[in-house]
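Notes to accompany the following structure.
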Amino acid sequence: MNSQFQSKDAWAEVGRALFVGVMIAALSVAIVAIFAILAWAFVEGRTRIDLDLLTNGPSTVNRATAGYSVAIAGTLQIIAGVVALIVPLGAGAAIYLEQFADRTKWYNRLIELNIQNLAGVPSIVFGILGLAFFVRGPFSWGFVAAAGSATIALLVLPTVILASREAIRAVPSSILEGSLALGVTRWQAVRKQVLPAAFPGILTGIILAISRAIGEAAPLLLVGALTFVTFYPNFFDGGFSALPVLIYNYAGRAQEEFQILAAAGVLLMLVILLAINSVAIWLRARYERTW
């Protein structure tokens with residue numbers, strides 16, 4: 001009998017060691033791949049890291065001085081629209097599902113099921129949805145930056161909702177119960193106590209959402225993100241471009257100048273992403289609480 005238990009324990013140890021080894025190997029491959037891409041982008045694009053990269057627009061004629069100014073403006077407009085949509089919608093949906101929703105109702109269970117399913121839907125599907133509903137269909141905005149913002153917001157909204165729900169769950173129940181015991185309404189307790197305490201976790205979801213949103217190209221191509229836009233976009237009027245779309249176009253061209261420009265664009269997009277995330281991380285650290 002003891003030998004049987006010892007044999008099972010030995011196999012369990014082997015399984016755990018094998019699992020840890022596979023996880024470390026997978027993580028190592030991912031890290032090496034990321035650093036390889038960054039190293040390639042730096043080696044190839046370092047010669048184009050200059051002021052022209054920020055101030056000049058795209059050009060097929062002046063390839064040596066072409067830049068990303070128009071695409072940067074379009075990306076910032078899209079990200080601003082995404083944040084304006086996902087913060088109230090994501091936090092509001094999480095508050096409702098965690099604090100007010102009756103889980104015995106079928107429609108609340110349906111909402112939760114759809115949120116979990118939408119988190120795994122490919123981004124191209126959201127692009128088709130944006131084309132059908134925002135560009136055409138009931139909204140009929142046309143190929144504008146607002147349609148891109150709404151499409152990307154739908155894409156990353158499940159991430160914000162799921163992260164916000166976990167942040168709200170992490171707040172000790174005694175905080176809410178103590179507030180209710182003092183005679184305030186449930187909404188007042190949630191707004192004054194639970195939501196501020198969950199704010200750092202909600203910001204984490206927003207950071208993850210922005211990180212994904214800023215690099216999405218496929219949905220934007222479907223909703224009209226043009227490549228060579230020579231004018232600065234208007235949020236609700238005219239064409240627009242974005243960094244990942246322009247980088248993709250440059251990388252597909254045969255001329256060496258465009259290849260260098262694409263590599264420099266990768267570094268530029270990474271810097272913009274780190275700058276936006278740094279502000280969110282600073283806010284999260286400032287309001288973070290320990291229980």
Side-chain angles (χ1 to χ4, degrees), residues 23 26-27 29-31 33-34 36-38 41 71 74-87 89-94 97 109-166 202 204-227 239-252 262 265-266 269-270 272-273 276-277:
M23 292 299 102
L27 182 62
V29 170
I31 292 175
I34 290 173
I37 293 173
L38 293 178
T75 297
L76 293 179
Q77 283 192 8
I78 292 171
I79 295 301
V82 168
V83 172
L85 288 172
I86 64 175
V87 172
L89 292 178
L97 292 173
R109 295 198 301 270
L110 182 63
I111 291 173
E112 293 195 12
L113 179 63
N114 286 331
I115 290 172
Q116 294 173 1
N117 289 337
L118 286 174
V121 174
S123 60
I124 192 69
V125 176
F126 286 94
I128 297 172
L129 179 68
L131 177 63
F133 283 89
F134 299 125
V135 176
R136 302 168 183 169
F139 291 92
S140 299
W141 290 341
F143 296 109
V144 295
S149 289
T151 303
I152 299 297
L154 288 179
L155 172 63
V156 300
L157 188 59
T159 302
V160 179
I161 295 175
L162 293 174
S164 300
R165 293 186 66 181
E166 291 297 328
I202 295 174
T204 300
I206 295 173
I207 293 171
L208 295 174
I210 292 175
S211 300
R212 183 180 180 184
I214 201 171
E216 287 290 343
L220 295 179
L221 287 171
L222 283 174
V223 298
L226 305 177
T227 304
F240 71 101
S241 184
L243 275 172
V245 175
L246 192 54
I247 291 172
Y248 173 77
N249 183 274
Y250 282 151
V266 172
M269 188 166 64
L270 182 62
I272 294 175
L273 175 62
I276 295 174
N277 283 356

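We use all heavy atoms of the structure for the numbers below, so side chains are in, but hydrogens, waters and symmetry mates are not. Computed from a prediction, not measured in an experiment: that's the story for all the values here.
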For Phe134, check ring pair (Phe, Tyr, Trp, His ring centres under 6.0 Å) against everything at least two apart and list the hits.
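Per chain and number, Phe134 pairs via ring pair (Phe, Tyr, Trp, His ring centres under 6.0 Å) with Phe139, Trp141.
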Rounded to the nearest 0.5 Å, what separation is found between the [atom1] atom of [X] and the [atom2] atom of [Y]?
{"X": "Phe126", "Y": "Leu131", "atom1": "CZ", "atom2": "CG", "value": "15.0 Å"}
{"X": "Leu113", "Y": "Asn117", "atom1": "CG", "atom2": "CG", "value": "4.5 Å"}
{"X": "Ile214", "Y": "Thr75", "atom1": "CD1", "atom2": "OG1", "value": "6.5 Å"}
{"X": "Ile210", "Y": "Ile152", "atom1": "CD1", "atom2": "CD1", "value": "12.5 Å"}

Heavy-atom check, side chain of [X] versus side chain of [Y], under 4.5 Å:
{"X": "Pro244", "Y": "Met269", "value": "yes"}
{"X": "Leu129", "Y": "Thr151", "value": "no"}
{"X": "Leu273", "Y": "Ser211", "value": "yes"}
{"X": "Leu162", "Y": "Ile115", "value": "yes"}
{"X": "Arg165", "Y": "Ile161", "value": "yes"}
{"X": "Ile31", "Y": "Ile34", "value": "no"}
{"X": "Val121", "Y": "Leu155", "value": "no"}
{"X": "Leu220", "Y": "Ile78", "value": "yes"}

Set out, in order, the CA-CA distance, both residues' side-chain angles and the distance that settles side chain to side chain contact (heavy atoms under 4.5 Å, CB included) for Ile272 and Ile276, then state yes or no.
CA-CA 6 Å; Ile272 294 175; Ile276 295 174; 3.9 Å; yes
Please evaluate residues Val245 and Phe240 with respect to the criterion side chain to side chain contact (heavy atoms under 4.5 Å, CB included), reporting the C-alpha separation (whole Å), side-chain torsions for both, the decisive distance (0.1 Å), and the verdict.
CA-CA 10 Å; Val245 175; Phe240 71 101; over 6 Å; no
Looking at Pro219, is its backbone amide N or carbonyl O close enough to the side chain of Ser123 to form a donor-acceptor pair, meaning the two atoms are under 3.5 Å apart?
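No; judged by distance alone, with no hydrogens or angles, the pair does not exist.
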Verdict with supporting geometry, Leu157 and Leu89, side chain to side chain contact (heavy atoms under 4.5 Å, CB included)
CA-CA 8 Å; Leu157 188 59; Leu89 292 178; 4.0 Å; yes
Please report the shortest heavy-atom distance between [X] and [Y], naming the atom on each side.
{"X": "Ser164", "Y": "Ala94", "answer": "CB-CB, 3.4 Å"}
{"X": "Val160", "Y": "Gly90", "answer": "CG1-CA, 4.0 Å"}
{"X": "Gly127", "Y": "Leu222", "answer": "C-CD1, 3.6 Å"}
{"X": "Leu246", "Y": "Ser241", "answer": "CB-OG, 4.3 Å"}
{"X": "Ala163", "Y": "Gly205", "answer": "CB-CA, 3.5 Å"}
{"X": "Ala213", "Y": "Ile79", "answer": "CB-CD1, 4.0 Å"}

Test Val87 against Ile206 for side chain to side chain contact (heavy atoms under 4.5 Å, CB included), laying out the working first.
CA-CA 7 Å; Val87 172; Ile206 295 173; 3.6 Å; yes
Scan residues 206-226 for pairs that pass salt bridge (Lys or Arg N to Asp or Glu O under 4.0 Å), counting only residues two or more places apart or in two chains.
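Checked against salt bridge (Lys or Arg N to Asp or Glu O under 4.0 Å) - neighbours excluded - the pairs reaching residues 206-226 are Arg212-Glu216.
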